[in-house]
Colleague: 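Quick one: structure below, then a few questions.
No experiment lies behind these values; they were computed from the predicted model shown. Chain naming here is simple, since letters A, B, ... match the order of the sequence lines and numbering starts at 1 in each.
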Amino acid sequence: MLDRKLLRKDPQIVVEAARAKNEKIDMEQWLEADANRRALMLEIEELRKQRNQLSKAVSIKRRAGENADEEMNKSREIGTKLGALESRVTEIDSLLASIEMSFPNIPDPDVPVGGEKDNVILKTRGKVPEFNFQPKPHWELMEDVFQPEAASRIAGSNFILFRGWAAKLQRTLISWMLDYHIENGMEEVWAPFVAKPESMTATAQLPKMDDDMYKIGRDDLYLIPTGEVPITNLYRDQLLEETSLPVRLCGYTPCFRREAGSYGKDNRGLNRVHQFEKVEMVRLEHPERSEDAHLELLDHAVAMLELLGIPYRVLLLASGDLSFAAAKCFDIEIWSAGQEKWLEVSSISNFRDFQARRGNMRFRPAGGGKPRYIHTLNGSGLALPRLIISLVENGQQADGSIKLPQVLAERMGTEVIR
RNA sequence: GGAGAGGUGGCCGAGCUGGUUUAAGGCGUACGCCUGCUAAGCGUAUGUAGGGGAAACUCUACCGAGGGUUCGAAUCCCUCCUUCUCCGCCA
């Protein structure tokens with residue numbers, strides 16, 4: 001959600017932001033409704049004032065034992081008028097709210113305008129492995145432990161099932177990443193894997209992503225598409241003290257995505273699935289420090305890839321690739337040796353005060369003063385399936401065995417998976 | 001799932017036989033006074049949002065949410081949400 005004062009003062013900025021993000025918005029309709037609302041409110045407040053005065057007069061007269069019929073009649077008339085005006089305001093309010101929900105966040109000035117082709121590769125690190133044999137894709141290397149047919153029998157296509165070492169590897173990675181974040185000053189959170197519509201609206205999955213989420217209609221709940229939802233909503237409707245900022249959180253959750261309309265070539269194996277596991281980093285930050293915090297989250301994510309020895313590159317997303325709520329976003333892509341392509345394994349976003357407005361998340365400045373909206377940020381740290389793809393494919397050896405990086409070998413109890 | 005009791009400003013908490021409560025009081029916070037320092041004490045200020053005004057200031061709304069009754073609702077009625085206690089069920 002954007003600041004109404006900004007909408008009134010600089011509607012053009014919002015129109016341009018929406019165009020850069022390929023979102024259709026109707027600013028004219030909003031401006032007209034807002035002007036109507038304000039005119040109505042002026043009238044309503046004047047009438048209320050009169051009614052309050054009459055009520056007071058009635059009270060005083062009654063106390064004195066005098067007749068107050070005249071005041072009461074006048075007040076009744078005003079009440080009728082007010083009722084009509086108020087119901088019009090209610091209508092306009094819901095119109096305004098629904099229009100505002102369709103306004104995307106404004107990209108930062110340093111975000112390139114354009115589509116996917118305009119994403120900027122900020123850096124590429126690590127050595128892409130070379131083989132003296134034809135490297136295999138992960139679904140061949142993991143035939144015994146990754147069983148999509150079984151998952152399909154249980155839950156439908158594009159769900160996954162791990163057994164044996166793959167299940168253990170995933171669990172080990174989750175635990176290792178959480179420990180890493182805790183060492184870096186984050187607090188681990190275990191949150192619900194379902195969320196109410198209000199929560200989805202606060203972090204801005206709703207209204208736009210409704211079709212991409214699993215919905216439990218009977219209980220009016222959604223399965224979370226990312227840990228961002230429950231972890232950020234931990235602070236919905238909360239007023240923090242400035243001294244408690246920043247809030248650094250991390251947590252493991254599964255992520256459920258319908259991926260409607262995305263069936264096709266890129267969803268073989270673990271590349272794109274309906275349920276995947278993820279460790280998420282969430283940060284609540286002072287508005288003046290969110291820029292630095294954003295870079296810090298990026299550092300945390302890539303540091304893990306360095307420890308795992310996985311080649312990666314960092315992209316600054318162009319406006320058209322930014323999510324609805326983001327002002328700026330870095331994507332981290334890792335190398336898949338068996339498929340010979342880069343895979344997105346983390347998205348690290350700064351939402352500035354966009355989610356905080358929707359979710360009413362504020363802090364009281366030290367030394368008093370009016371509460372201000374916090375800035376929210378989050379980033380994957382990291383998503384499991386593609387991490388596993390990269391570890392398996394990049395670590396493969398001629399005999400089909402897989403060499404593990406040292407940090408995992410210690411925890412898995414073996415250096416090579418056979 | 002059943003029964004009962006609650007949801008009031010950053011927090012706690014009165015008000016709830018409808019009208020000087022445009023929400024008492026306390027805690028916390030800010031500023032000042034006092035004081036070797038600190039603590040305590042004293043004084044003043046301090047909810048959120050929107051409108052008007054150069055400003056002092058002023059108007060309006062908000063007591064979980066939404067409806068209703070009434071000239072007038074934190075206060076009465078209805079629906080829903082939610083928290084707690086007890087019972088039931090269950091890993």
Colleague: Let me know the distance between CD of Glu71(A) and P of G72(B), rounded to the nearest Å.
Modeller: 14 Å
Colleague: If pairing requires Watson-Crick or G-U wobble contacts with both distances under 3.5 Å, which nucleotide is the partner of G66(B)?
Modeller: C78(B)
Colleague: In Watson-Crick or G-U wobble terms, both distances under 3.5 Å, what is the partner of A14(B)?
Modeller: none
Colleague: Using Watson-Crick or G-U wobble geometry with both distances below 3.5 Å, tell me the partner of G32(B), or none.
Modeller: C42(B)
Colleague: Can you tell me how far P in G47(B) sits from the matching atom in A23(B), rounded to whole Å?
Modeller: 10 Å
Colleague: Taking the C1' atom in each of A74(B) and C16(B), what is the distance between them to the nearest angstrom?
Modeller: 7 Å
Colleague: May I ask you to say what Arg37(A) touches in the nucleic acid, namely base, sugar-phosphate or nothing, with a heavy-atom cut-off under 4.0 Å?
Modeller: nothing
Colleague: Give a yes or no on whether a donor-acceptor pair under 3.5 Å exists between the nucleobase atoms of G72(B), that is its base, and the side chain of Arg51(A).
Modeller: no
Colleague: In whole angstrom, give the distance that lies between atom NZ of Lys49(A) and atom P of U60(B).
Modeller: 7 Å
Colleague: Judged by each residue's nearest nucleotide on RNA chain B, which is more toward the 5′ side, Lys196(A) or Gln50(A)?
Modeller: Gln50(A)
Colleague: Provide the distance between the two P atoms, one in G64(B) and one in U8(B), to the nearest whole Å.
Modeller: 7 Å
Colleague: So which heavy atom on Phe256(A) is nearest to which on Phe193(A), and how close?
Modeller: CE1-O, 4.4 Å
Colleague: Whole-Å distance between G10(B) P and Tyr235(A) OH?
Modeller: 17 Å
Colleague: How about Asp331(A) and Asn119(A): does a side-chain donor come under 3.5 Å of a side-chain acceptor?
Modeller: no
Colleague: Measure from CD on Glu66(A) to P on G19(B) and round the result to the nearest Å.
Modeller: 19 Å
Colleague: Find the distance between OG (Ser175(A)) and CZ (Arg411(A)) and round it off to the nearest 0.5 Å.
Modeller: 5.0 Å
Colleague: Can you check the Leu42(A) CG to G53(B) P distance for me, whole Å?
Modeller: 10 Å
Colleague: For nucleotides G72(B) and G68(B), find the distance between their C1' atoms and express it as a whole number of Å.
Modeller: 15 Å
Colleague: Using both distances under 3.5 Å as the test, list the Watson-Crick or G-U wobble partner of A61(B), or none.
Modeller: U48(B)
Colleague: Measure from CZ on Arg48(A) to P on U22(B) and round the result to the nearest Å.
Modeller: 16 Å
Colleague: Reckon Asn52(A) has a side-chain N or O less than 4.0 Å from the OP1 or OP2 of A61(B)?
Modeller: yes
Colleague: What integer number of Å spans the P atoms of C59(B) and G2(B)?
Modeller: 49 Å
Colleague: Using purine N1 to pyrimidine N3 plus N6-O4 or O6-N4 for Watson-Crick, or N1-O2 and O6-N3 for G-U wobble, both under 3.5 Å, which nucleotide pairs with A3(B)?
Modeller: U85(B)
Colleague: In terms of the nearest nucleotide of RNA chain B, which residue is placed more toward the 5' end: Arg76(A) or Glu46(A)?
Modeller: Glu46(A)
Colleague: U35(B) and G53(B): how far apart are their C1' atoms, nearest whole angstrom?
Modeller: 44 Å
Colleague: Can you tell me how far P of U46(B) sits from CG of Leu239(A), to the nearest Å?
Modeller: 18 Å
Colleague: What distance, rounded to whole Å, do you find between the two C1' atoms, one in U85(B) and one in C33(B)?
Modeller: 49 Å
Colleague: Can you check the distance between C84(B) and G15(B), where both ends of the measurement are the C1' atom (answer in whole Å)?
Modeller: 22 Å
Colleague: Taking atom C1' of G50(B) as reference, at what distance in whole Å does atom CZ of Arg8(A) sit?
Modeller: 9 Å
Colleague: With respect to the phosphate group of A49(B), does any side-chain polar atom (N or O) of Lys370(A) fall under 4.0 Å of OP1 or OP2?
Modeller: yes
Colleague: With both distances under 3.5 Å as the test, what is the Watson-Crick or G-U wobble partner of A24(B)?
Modeller: none
Colleague: Answer yes when Glu288(A) and Arg372(A) have at least one side-chain N-carboxylate O distance shorter than 4.0 Å, and no when they do not.
Modeller: yes
Colleague: Thinking salt bridges, do Arg37(A) and Asp93(A) make one under a 4.0 Å N-O criterion?
Modeller: yes
Colleague: Could you report the tightest heavy-atom contact between Gly381(A) and Met281(A), atom names first, then the distance?
Modeller: CA-CE, 4.2 Å
Colleague: Considering just the side-chain nitrogens and oxygens of Arg4(A), establish if one lies under 4.0 Å of OP1 or OP2 belonging to G51(B).
Modeller: no
Colleague: Whether Arg283(A) and Glu285(A) form a salt bridge (side-chain N of Lys/Arg under 4.0 Å from carboxylate O of Asp/Glu) is what I want to check.
Modeller: yes
